[in-house]
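Numbers here simply count residues along the sequence, with the first being 1.
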Amino acid sequence: AGLKNYRSEGVSFNDDLARGVICIGIPYPNLKDEKLAQKRACNDHWHKQGQPVSTGDVWYEMKALQAIAQAAGRCIRHPDDYGVLVLLDSRWSELGKIGNLPQWMRPLAEEALDVAAA
């Protein structure tokens, strides 16, 4: 199932139905989406007005990170469940994006410089 695919919504792979998720790239929303552009502009406006909202760029980044957390939740469904989440994109380490993952994921993250090391 795709991360942003409507067919993946509500899919539950309990226990042995899924033990891993592979994410190729970072699932940023489509920048050409008009609603997304308006939301980013709105956030920027309110942020400049001193309102306690994230900038449009920060909100956009968080949408991708939420998709990653949701992907992990597709195979890790309860406290006794387990699985692996593989993030295949050098930007995770090159741009320090691992530090932006949900707090519970950070201590579990391991970087590999190439496929052989992984």
Side-chain angles (χ1 to χ4, degrees):
L3 291 179
K4 291 297 191 180
N5 183 325
Y6 72 92
R7 294 174 196 260
S8 70
E9 298 299 317
V11 175
S12 181
F13 297 109
N14 296 341
D15 302 318
D16 287 336
L17 293 177
R19 290 295 179 210
V21 175
I22 299 172
C23 297
I24 300 171
I26 299 177
Y28 288 110
N30 183 355
L31 278 172
K32 295 180 182 179
D33 181 324
E34 184 60 31
K35 288 182 183 178
L36 184 125
Q38 290 177 9
K39 171 63 176 161
R40 289 179 74 192
C42 183
N43 274 37
D44 285 340
H45 170 78
W46 289 116
H47 184 77
K48 287 176 186 172
Q49 299 297 319
Q51 295 298 316
V53 298
S54 302
T55 65
D57 288 344
V58 169
W59 175 83
Y60 180 71
E61 181 83 16
M62 294 309 297
K63 294 300 286 181
L65 297 170
Q66 287 172 348
I68 292 296
Q70 178 113 17
R74 292 282 176 233
C75 72
I76 303 171
R77 304 298 294 173
H78 54 80
D80 295 325
D81 207 357
Y82 61 92
V84 64
L85 174 63
V86 179
L87 304 173
L88 295 176
D89 193 312
S90 61
R91 293 175 291 178
W92 286 104
S93 60
E94 290 171 2
L95 302 177
K97 295 201 178 292
I98 290 174
N100 295 335
L101 288 172
Q103 191 172 7
W104 67 270
M105 283 186 183
R106 290 180 215 154
L108 304 171
E110 295 180 22
E111 291 183 44
L113 297 177
D114 56 36
V115 175

Practice item. Not counting sequence neighbours, list each pair that qualifies as a salt bridge (charged side-chain N to carboxylate O under 4.0 Å, His left out) and has a residue in residues 19-28. Key: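 As it turns out, the salt bridge (charged side-chain N to carboxylate O under 4.0 Å, His left out) pairs with a partner in residues 19-28, which skip direct neighbours, are Asp16-Arg19, Arg19-Asp81.
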
**Study point:** Exercise: do Gln38 and Glu34 side chains pair donor with acceptor under 3.5 Å
**Key:** yes

Review point. Restricting to pairs with a member in residues 66-86, which pass ring pair (Phe, Tyr, Trp, His ring centres under 6.0 Å), not counting sequence neighbours?
Key: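 Qualifying pairs, neighbours excluded: none.
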
Exercise for review: Only pairs at least two apart or in different chains count here, so list each ring pair (Phe, Tyr, Trp, His ring centres under 6.0 Å) that has a residue in residues 48-75.
Suggested key: Tyr28-Tyr60

Check your understanding: Do you reckon Ile26 sits in the same ILVMFWY cluster as Leu95, going by side-chain contacts under 4.5 Å, direct or chained?
Key ->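 In one cluster: no.
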
**Study point:** Path from Val21 to Ile98 over hydrophobic side-chain contacts below 4.5 Å
**Key:** yes

Review point. Taking all non-hydrogen atoms of both residues, which atom of Gly83 and which atom of Cys75 are closest, and how far apart?
Key: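 For Gly83 versus Cys75, the nearest heavy atoms are CA-SG, 4.2 Å.
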
List the atom pairs, with distances to 0.1 Å, where a side-chain N or O of residues 103-111 and a protein N or O form a donor-acceptor pair under 3.5 Å, not counting sequence neighbours.
unit_1, atom_1, unit_2, atom_2, d
Arg106, NE, Gly99, O, 3.2
Arg106, NE, Leu101, O, 2.8
Arg106, NH2, Leu101, O, 3.0

Exercise for review: Using a strict cut-off of less than 4.0 Å between a Lys/Arg side-chain nitrogen and an Asp/Glu carboxylate oxygen, indicate whether Arg91 and Asp89 qualify as a salt bridge.
Suggested key: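 Salt bridge flag = yes for Asp89 with Arg91.
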
Check your understanding: Going by side-chain heavy atoms closer than 4.5 Å, which hydrophobic residues are tied to Val84, directly or by a chain of links?
Key ->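 Via sub-4.5 Å side-chain contacts, Val84 links to Ile22, Ile24, Val86, Leu88.
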
Review point. Would you say the side chain of Leu36 lies within less than 4.5 Å of the side chain of Arg40, judging by non-hydrogen atoms?
Key: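 They are in contact (side-chain heavy atoms under 4.5 Å apart), so the answer is yes.
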
**Study point:** All pairs passing side chain to side chain donor-acceptor pair (under 3.5 Å) where residues 43-54 contributes a residue, at least two apart
**Key:**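 Of all non-adjacent pairs touching residues 43-54, those that pass side chain to side chain donor-acceptor pair (under 3.5 Å) are Lys39-Asn43.
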
